[in-house]
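What follows is a set of notes on a single structure, which appears directly below.
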Amino acid sequence: QVQLAESGGGLVQSGGSLRLSCAASGFSLSDYAMSWYRRPPEKGRELVAAISKIGTSTTYADTVRGRFTISRDDAKHTVYLQMNNLKPEDTAVYYCKALDLSGQSYWGQGTQVTVAS
């Protein structure tokens with residue numbers, strides 16, 4: 001069964017840090033580019049960060065560049081999002097996504113991140 005499971009969300013004060021994890025099962029993570037998206041309250045889903053299949057290339061939304069870092073450990077079947085200097089506007093449900101070259105994609109169920117001012 002294909003599954004992506006996010007964890008690591010929670011409530012944090014402004015300026016704090018969290019590390020999100022996305023654990024993959026049921027497919028070979030190394031065959032997929034991975035990304036993190038988020039859906040703020042009453043807004044649409046937006047791309048936060050992405051990492052290529054072998055981790056040599058990363059991209060970030062302008063709003064998080066310099067504060068967030070995406071990484072992957074294919075041996076552990078896990079992708080991470082290190083979030084530093086969190087701001088109230090980072091409050092959202094965070095999702096991970098797997099995408100292969102054929103366009104096949106999988107999504108996790110999401111994890112809530114709340115940043116208190």
For this session: Starting from the C-alpha separation in whole Å, work towards a yes-or-no answer on side-chain contact (heavy atoms from CB on, under 4.5 Å) for V48 and F68.
Result: CA-CA 9 Å; V48 176; F68 291 12; 3.6 Å; yes

Exercise. Could you walk me through whether V93 and T111 pass the side-chain contact (heavy atoms from CB on, under 4.5 Å) check?
Worked result: CA-CA 5 Å; V93 179; T111 185; over 6 Å; no

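- Residue L101 is found outside any hydrophobic cluster, as its side-chain heavy atoms come under 4.5 Å of no other Ile, Leu, Val, Met, Phe, Trp or Tyr.
- Residue pairs meeting the ring pair (Phe, Tyr, Trp, His ring centres under 6.0 Å) criterion with at least one partner in residues 69-93, sequence neighbours excluded, do not occur; the list is empty.
- With sequence neighbours excluded, the residues forming a side-chain contact (heavy atoms from CB on, under 4.5 Å) with S117 are P88, listed by chain and number.
- Partners of R67 under the side chain to side chain donor-acceptor pair (under 3.5 Å) rule, at least two apart in sequence or in another chain, are D90.
- Between atom OG1 of residue T69 and atom CE of residue M83 there is a gap of 11.0 Å, rounded to the nearest 0.5 Å.
- We find the OH-CG distance between Y95 and L47 to be 14.5 Å, quoted to the nearest 0.5 Å.
- For M34 against I70, the heavy-atom pair with the smallest separation is O-CD1, 4.0 Å.
- Under the salt bridge (charged side-chain N to carboxylate O under 4.0 Å, His left out) criterion, the residue pairs touching residues 39-58 are R38-E46, with sequence neighbours excluded.
- Pairs passing the ring pair (Phe, Tyr, Trp, His ring centres under 6.0 Å) check and including a residue from residues 16-58, sequence neighbours excluded, read F27-Y32, F27-Y106, Y32-Y106, Y37-W107.
- Partners of Q104 under the side chain to side chain donor-acceptor pair (under 3.5 Å) rule, at least two apart in sequence or in another chain, do not exist in this structure.
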Exercise. Taking it one step at a time, do L18 and L81 satisfy side-chain contact (heavy atoms from CB on, under 4.5 Å)?
Worked result: CA-CA 8 Å; L18 285 173; L81 185 68; over 6 Å; no

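- In this structure, OG on S7 lies 13.5 Å from CD on Q109, to the nearest 0.5 angstrom.
- Qualifying side chain to side chain donor-acceptor pair (under 3.5 Å) partners for S28, counting only residues two or more places apart in sequence or in other chains: S30.
- Put simply, CG on D74 and CG on L29 are 4.5 Å apart, with the number rounded to the nearest 0.5 Å.
- Legend: residues meeting side chain to side chain donor-acceptor pair (under 3.5 Å) with S17, ordered by chain and number and at least two apart, are N84.
- For the side-chain contact (heavy atoms from CB on, under 4.5 Å) test, residues two or more places apart in sequence or in another chain that qualify with S25 are Q3.
- Taken to the nearest 0.5 Å, the CD1 atom of I51 stands 6.0 Å off from the OG atom of S71.
- Sorted by first and then second residue, the pairs that involve residues 54-64 and meet salt bridge (charged side-chain N to carboxylate O under 4.0 Å, His left out), not counting sequence neighbours, are D62-R65.
- Between atom SG of residue C22 and atom CD of residue E6 there is a gap of 5.5 Å, rounded to the nearest 0.5 Å.
- Hydrophobic clustering keeps L99 apart from I54 (ILVMFWY residues linked when any side-chain heavy atoms are closer than 4.5 Å, directly or through intermediates).
- One N or O on the side chain of S52 and one on the backbone of S57 form a donor-acceptor pair closer than 3.5 Å.
- For T114, the side-chain contact (heavy atoms from CB on, under 4.5 Å) partners at least two apart in sequence or on another chain are L11, T91, Q112.
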